[in-house]
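Some notes on the structure that comes next.
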Amino acid sequence: MDAFYASVMLRDRPELRDVPVVIGGGHRGVVLAANYPARAFGVRSGMSGTDARRLCPQAVRLAPDYVDFEAVSRSVMETFRQVTPLVEAYSLDEAFLDVRAVRRSQGTPLQVAEWLRATIFDEQRITCSVGLAGTVSVAKLASRRAKPDGVLMVPPDRVVDYLHPLDVGELFGVGPKTRAKLLRIGLVTVGDVARIPLPTLQQMLGSATGRHLHELAWGTDRSTLTPRRSDDDPERSMGAEETFSRDTADPAVISRELLRLSGKVTARMRAAGLAGRTVAIRIRYSNFETITRSRSLPDPTDVSTVVHTEAVRLFTALGTQRRIRLVGVRVEGLRSRVGVDRQLALGERDRGWREADRAVDQAGRRFGRGTVRPATLIRSDRP
DNA sequence: TCTGGGGTCCTAGGACCC
DNA sequence: TCTGGGGTCCTAGGACCC
């Protein structure tokens with residue numbers, strides 16, 4: 001989708017369509033999306049709200065409506081699946097489709113692309129762009145170049161000619177750090193990188209990363225898709241984090257926030273039927289220095305108290321008195337909860353907290369999320 | 001008043017095991 | 001007397017993506 005969040009929010013606000021609009025970027029926040037008029041002022045997603053206001057003070061600022069974004073996303077993904085089941089959802093607003101096998105039933109890739117764009121515009125009143133190519137990363141590059149509201153095809157025999165003049169930073173997976181590293185040894189274009197011997201790249205970037213970059217430079221990365229997370233292939237991790245509106249060094253406040261985040265994460269895990277063994281916390285100090293600490297438990301858990309206790313233990317072990325900007329809780333090593341329940345019951349390590357969680361989940365489903373929560377979270381005096 | 005929140009994958013070193 | 005090679009798991013950090 002083109003400027004997804006902005007496009008969705010402007011569907012029913014035609015009067016804002018031609019003026020600069022920024023989604024997000026409130027207090028301590030970053031820009032989540034900017035419409036094209038705002039981009040003309042240099043506003044980009046990911047930039048701090050402060051910078052965006054400096055570049056374009058007259059922009060209209062809107063708060064994101066994720067409920068709407070998710071609804072549109074579901075509908076768009078459904079449209080994709082009308083073409084083929086081989087859809088790899090990459091984010092809320094982006095997916096890869098393998099259309100090799102649907103030529104007879106649905107038409108050429110170009111025809112499929114135009115059908116998708118027309119259908120999505122009819123149903124959701126937002127525009128999108130399509131890149132067509134033989135591999136995931138080249139298709140991704142092509143779609144970026146097709147924006148806004150366009151289609152670009154890069155046939156296999158034209159891939160190398162297309163890629164090699166580009167700046168390496170354009171490659172899907174090459175960010176500022178890698179680009180700078182390559183620049184330091186005089187590699188500017190994708191062609192420069194392609195001509196470097198593979199072992200040299202691997203020595204510089206590590207074996208897997210080096211190989212991957214080499215593939216990207218020749219347009220030979222993967223062409224098969226992994227359609228969907230399944231029970232055999234669940235999410236690897238789930239986490240929640242939040243930036244305080246004011247930095248704090250108060251351990252009670254931090255512990256309470258860890259409790260809130262642990263509850264949020266484990267609720268999502270329980271809803272997905274997942275449990276995990278490794279609890280990780282993330283701490284960002286006022287100077288933006290960010291660290292993680294993690295510990296693996298003997299058995300997987302989805303119990304909020306177990307995760308919170310471990311999170312607090314990890315934080316306490318830091319022994320820090322520094323002011324903190326952000327805390328986060330993440331559970332890694334997720335697997336299906338099937339078979340985990342019995343093991344926990346035998347150990348009785350969670351002493352009824354599992355049942356408490358279940359009751360909270362049920363109350364939440366019936367009366368709204370957060371209806372029942374730990375008493376310490378009722379007085380909401382987080383800074 | 002600079003710098004969100006949700007993820008994935010890779011690297012490197014050390015412990016540990018056969 | 002001098003100590004291999006292969007593998008897994010754990011932890012911390014980092015790069016990248018939307």
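Quick note on labels: first sequence line is chain A, next is B, and so on, each numbered from 1.
Looking at which nucleotide of DNA chain B each of A:Arg53 and A:Gly239 is closest to, the 5′-most match is held by A:Arg53. Each of A:Thr50 and A:Val31 has a nearest nucleotide on DNA chain B; the 5'-most of these lies closest to A:Thr50. Ranked by how close their nearest DNA chain C nucleotide is to the 5' end, A:Arg277 and A:Thr292 are led by A:Arg277.
The pair A:Arg330-A:Glu332 does not meet the salt-bridge criterion, since no charged nitrogen lies less than 4.0 angstrom from a carboxylate oxygen. A:Arg277 and A:Asp299 are not joined by a salt bridge, as no carboxylate oxygen comes within less than 4.0 angstrom of a charged side-chain nitrogen. A salt bridge does not link A:Asp302 with A:Arg270: every distance from a Lys NZ or Arg NE/NH1/NH2 to an Asp or Glu carboxylate oxygen is 4.0 Å or more.
When the P atom of C:dC9 is taken as reference, atom CD of A:Glu332 falls 15 Å away, rounded to whole Å. Atom CG in A:Leu326 sits roughly 12 Å away from atom P in B:dT3 (whole-Å rounding). Following rounding to the nearest Å, A:Met204 (CE) and B:dT11 (P) show an atom-to-atom distance of 13 Å. Rounded to a whole Å, the CZ atom of A:Arg295 is 18 Å from the P atom of C:dC9. Remark: C1' of B:dT3 and CZ of A:Arg28 are 10 Å apart, rounded to the nearest angstrom.
Geometric assessment of A:Arg158 against the ring of A:Tyr162 yields a negative cation-pi assignment under the 6.0 Å and 45° thresholds. A:Arg284 forms a cation-pi arrangement with A:Phe288, by the criterion of a distance under 6.0 Å to the ring centre and an angle within 45° of the ring axis.
Nucleic acid contact class of A:Ser207 (heavy atoms, under 4.0 Å, all strands): sugar-phosphate only. Residue contacts shown for A:Ala240 are limited to sugar-phosphate atoms, with no base heavy atom under 4.0 Å away. Backbone-only engagement by A:Met238 is indicated by non-hydrogen atom pairs under 4.0 Å involving sugar-phosphate atoms exclusively.
Residue A:Arg236 places at least one side-chain N or O under 4.0 Å from the OP1 or OP2 atom of B:dC9. Put simply, A:Thr209 has a side-chain N or O that comes within less than 4.0 Å of OP1 or OP2 on B:dT11. At the phosphate of B:dC10, neither OP1 nor OP2 sits under 4.0 Å from any side-chain N or O atom of A:Arg211.
With hydrogens and angles disregarded, no donor-acceptor distance shorter than 3.5 Å links the side chain of A:Ser255 to the backbone of A:Ala252. Side chain of A:Thr266 to backbone of A:Ser262: a donor-acceptor contact under 3.5 angstrom is found.
Aromatic rings from A:His308 and A:Trp353 are positioned such that their centres are separated by 6.0 Å or more. Between A:Tyr90 and A:Phe172, the ring centre distance stays below 6.0 Å.
Between C:dC18 and B:dT3, the two P atoms lie 23 Å apart (nearest whole Å).
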I'd like a list of close polar pairs between nucleotides 4-6 of chain C and the protein, N/O only, cut-off under 3.5 Å.
none

Give me, pair by pair, the N or O atoms of the protein and of nucleotides 13-15 of chain B that are less than 3.5 Å apart, along with how far apart they are.
none

All N/O pairs under 3.5 Å across the protein-nucleotides 16-18 of chain C interface:
| from | atom 1 | to | atom 2 | distance (Å) |
| --- | --- | --- | --- | --- |
| C:dC16 | OP1 | A:Gly175 | N | 2.7 |
| C:dC16 | OP1 | A:Gly175 | O | 3.1 |
| C:dC16 | OP1 | A:Thr178 | N | 2.9 |
| C:dC16 | OP1 | A:Thr178 | OG1 | 2.5 |
| C:dC16 | OP2 | A:Pro176 | N | 3.4 |
| C:dC16 | OP2 | A:Lys177 | N | 3.0 |
| C:dC16 | O5' | A:Gly175 | N | 3.3 |
| C:dC17 | OP1 | A:Gly173 | N | 2.7 |
| C:dC17 | OP1 | A:Val174 | N | 3.4 |
| C:dC18 | OP1 | A:Lys140 | NZ | 2.6 |
| C:dC18 | O3' | A:Ser91 | OG | 2.9 |
| C:dC18 | O3' | A:Asp93 | OD1 | 3.0 |

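Here A:Tyr66 pairs with A:Tyr5, A:Phe69 under the ring-ring contact (aromatic ring centres under 6.0 Å, His included) rule; sequence neighbours left out.
Annotation: the span from A:Glu310 atom CD to A:Thr278 atom OG1 amounts to 10.0 Å, rounded to 0.5 Å.
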Side chains of residues 202-209 of chain A: which donor-acceptor pairs under 3.5 Å do they make with residues two or more places apart or in other chains?
| from | atom 1 | to | atom 2 | distance (Å) |
| --- | --- | --- | --- | --- |
| A:Gln202 | NE2 | A:Ser207 | O | 3.0 |

side-chain hydrogen bond (donor to acceptor under 3.5 Å, both in side chains) evaluation trace for A:Asp93 with A:Ser91: CA-CA 5 Å; A:Asp93 73 320; A:Ser91 65; 3.0 Å; yes
Nucleotide-level pairing of DNA chain C, given in dot-bracket where Watson-Crick and G-U pairs need both distances under 3.5 Å and | marks other strands: ....||||||||||||||
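When each of A:Arg144, A:Arg179, A:Arg145 is paired with A:Glu170, the side chain to side chain donor-acceptor pair (under 3.5 Å) condition holds for A:Arg145 and for no other.
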